[in-house]
Q: 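First, the structure itself, so that you have it in front of you.
Just so you know, these numbers come straight off a predicted model, no measurement behind them. Keep in mind that the numbers below use all heavy atoms, side chains included, and drop hydrogens, waters and symmetry copies. Counting from 1, the numbers follow the sequence of the chain as shown.
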Amino acid sequence: MRKLTILLGLLVVFVSCKKKELPVVFTSYDETSEIAEQQSHEVKRMQLKLIQSKYLDMNEVFKPFEEDLAYFSEKDYNNFAPYILEQDIPSIQESVENGILSYEKIVLFYLYRIRKFESNNQLALHSIISLNPTIIEEAREKDKNRPYDTSYSLFGLPILLKDNINTKGMPTTAGAFALKENNNTDDAFIVKKLEESGALILGKANLSEWAYYFCSGCPVGYSAIGGQTLNPYGRKVFETGGSSAGSGVSVAANYAVAAVGTETSGSILSPSSKNSVVGLKPTIGLLSRTGIVPISSTLDTPGPMTKSVVDNAIFLAAMTGEDSEDSITKNNDKNINYLKDLTKSKLKGKRFGVIKRLLSDSIYSIAVNKIKEAGGEIIEFDPPQINLNGFRTLLSVDMKNDLPNYFENYADSTISITSVKDVIKLNLQDSLKRAPYGQQLFDGIVSDTTSVIAFQKIKQQLHENGVTYFKTPMDSLNLDAILSINNYHAGFAAVAKYPCLTVPMGYQNSGEPISLTFITSSFQEQKLLQLGYAFEQLTKVRKLPEGYN
């Protein structure tokens, strides 16, 4: 007993004597020369007007963690890195089970990593808007109450949410000055589901402001609150994809185990493919939208963004559930096991529709050949000639109606704005800081005069066109899935309400990531994940962005 007392005493002395690290300070800098250089970028949307946020102070964001991080050293960080960086959920949970990691250590690792890169003005990606001030205490509670088996669970693991998803204890801004003080909200339905699964909400990710339905032709990944999100595979060189830019960038850079994005048309697929992560845009109606700042109640959906397909399946299952406030989720089959037979998935014997004109892309062509070599049946086809006339009208009319509903029922009660018109007026009071790229799409929403009858016709026609675009070849050729690139066919999938899964398939000569996107009919997420997993295991191309290892 005496020896044990001495050992415990020595341990206390060791911990108390652990060197306290100096605080890290976030500093702004003169970005004039950087902005001048960007004006020669060949992509107009990359001709940036600013990079740093005019409103966000990361020193304040990190203030709640100063004391704990003071005793978490670079040595600690390096010791834990092999067990966290690029590891999937089952592997991380195994390290917890074996006592190598704890949930508190995992949280401290990610906080340290975010601070390490975001405080460096040569490496900062501006993908984080806010952090959960009580995350460390919550992690300690998870350590005390860890269930027996967490192998395929989000329990205790820190995830990020796109900052248009309501979360208690953190502001929900949609990147907009108008929602800067949107601090006191209830959790969105999917956040409640994630917390039920034991997940820890690490913080909120930057996004294209108002989910990229705000300004026309402006940079993707820009918001007034968060500044300009940058791509870790080519900082200021490659676009981040939008609108879930911060979610995609944060997962790519290993700032969290995973992140939630939202999509109306391409907003999960685009940043996932541009950042070499796995992104699932589910069937409209699988996941609740309650408590999410909307564009369109017709097309909006949240979805998981992860480093692997197995993580995506775990994440999707944790968010699924019937929400009484979102009628489209009624009668969802909550008992689908997205992990069932996932690791046994094969490409052999599956029939894949390959769009002929895409075969001119060498990386797509190589991926198709690999699937063929693995036993997949490749059927080349030309999709039907169908248009998406009225798509913007659909978004404008929906947002005109859906955003006021959010303000009234889900925003902080102190938020005084009630309409799109109010937001426009507020921004005009200081447009250089609040809307430096203009607000053309919001202006278009206000000026739209589409009648109720015309709107219903547009909605119906778009849905029929989207379904026909995929269903005609799927039925006539008996396809298991259609293969696309990145978000190339996101608009058609959006109006069809079909699910899509994008999986890294390689990197262009420039180093820019490119992904293979699987598309199937409604509520076929289990099939998508199985096909995506088999392709991922066949190719295994994802790699950490250089400089962020």
Q: Can you tell which of Ser127, Ser53, Ser223 makes a side-chain hydrogen bond (donor to acceptor under 3.5 Å, both in side chains) with Asn206?
A: Ser223
Q: Got a sec, which pairs hit ring pair (Phe, Tyr, Trp, His ring centres under 6.0 Å) with one end in residues 285-305, sequence neighbours left out?
A: none
Q: Counting only heavy atoms not in Tyr55, do more than 12 fall under 6.0 Å of its OH?
A: yes
Q: Measure from NZ or CZ of Lys105 to the centre of the six-membered ring of Phe80 and say whether it is under 6.0 Å with the direction within 45° of the ring axis.
A: no
Q: Hey, could you give me the OG/CG distance between Ser250 and Leu161, rounded to the nearest 0.5 Å?
A: 11.0 Å
Q: Going by side-chain contact (heavy atoms from CB on, under 4.5 Å), Ile328 matches just one of Ile284, Thr298, Thr283. Which one?
A: Ile284
Q: Can you label the angle between the Tyr469 ring and the Phe492 ring as parallel, tilted or perpendicular, going by 30° and 60°?
A: parallel
Q: Just jot down the salt bridge (Lys or Arg N to Asp or Glu O under 4.0 Å) partners of Lys162, sequence neighbours excluded, or say none.
A: none
Q: Only counting residues at least two apart or in another chain, list the ones meeting salt bridge (Lys or Arg N to Asp or Glu O under 4.0 Å) with Asp143.
A: none
Q: Have Thr134 and Asn132 got a donor and an acceptor in their side chains that come within less than 3.5 Å?
A: yes
Q: Please give me the minimum heavy-atom distance between Leu501 and Leu528, naming the atom from each residue.
A: CD2-O, 3.3 Å
Q: Should the pair Phe442 and Phe214 be assigned to parallel (<30°), tilted (30 to 60°) or perpendicular (>60°) ring geometry?
A: perpendicular
Q: For the residue pair Lys400 and Val446, what are the closest heavy atoms and their distance?
A: NZ-O, 3.8 Å
Q: How about CZ on Phe523, more than 12 heavy atoms from neighbouring residues, nucleotides or ligands closer than 6.0 Å, or not?
A: yes
Q: State which residues pass salt bridge (Lys or Arg N to Asp or Glu O under 4.0 Å) with Lys543; sequence neighbours excluded, sorted by chain then number.
A: none
Q: Please identify each residue that fulfils salt bridge (Lys or Arg N to Asp or Glu O under 4.0 Å) with Asp402, with sequence neighbours left out.
A: none
Q: Determine which pairs satisfy ring pair (Phe, Tyr, Trp, His ring centres under 6.0 Å) with at least one residue from residues 401-420, sequence neighbours left out, and list them in order.
A: none
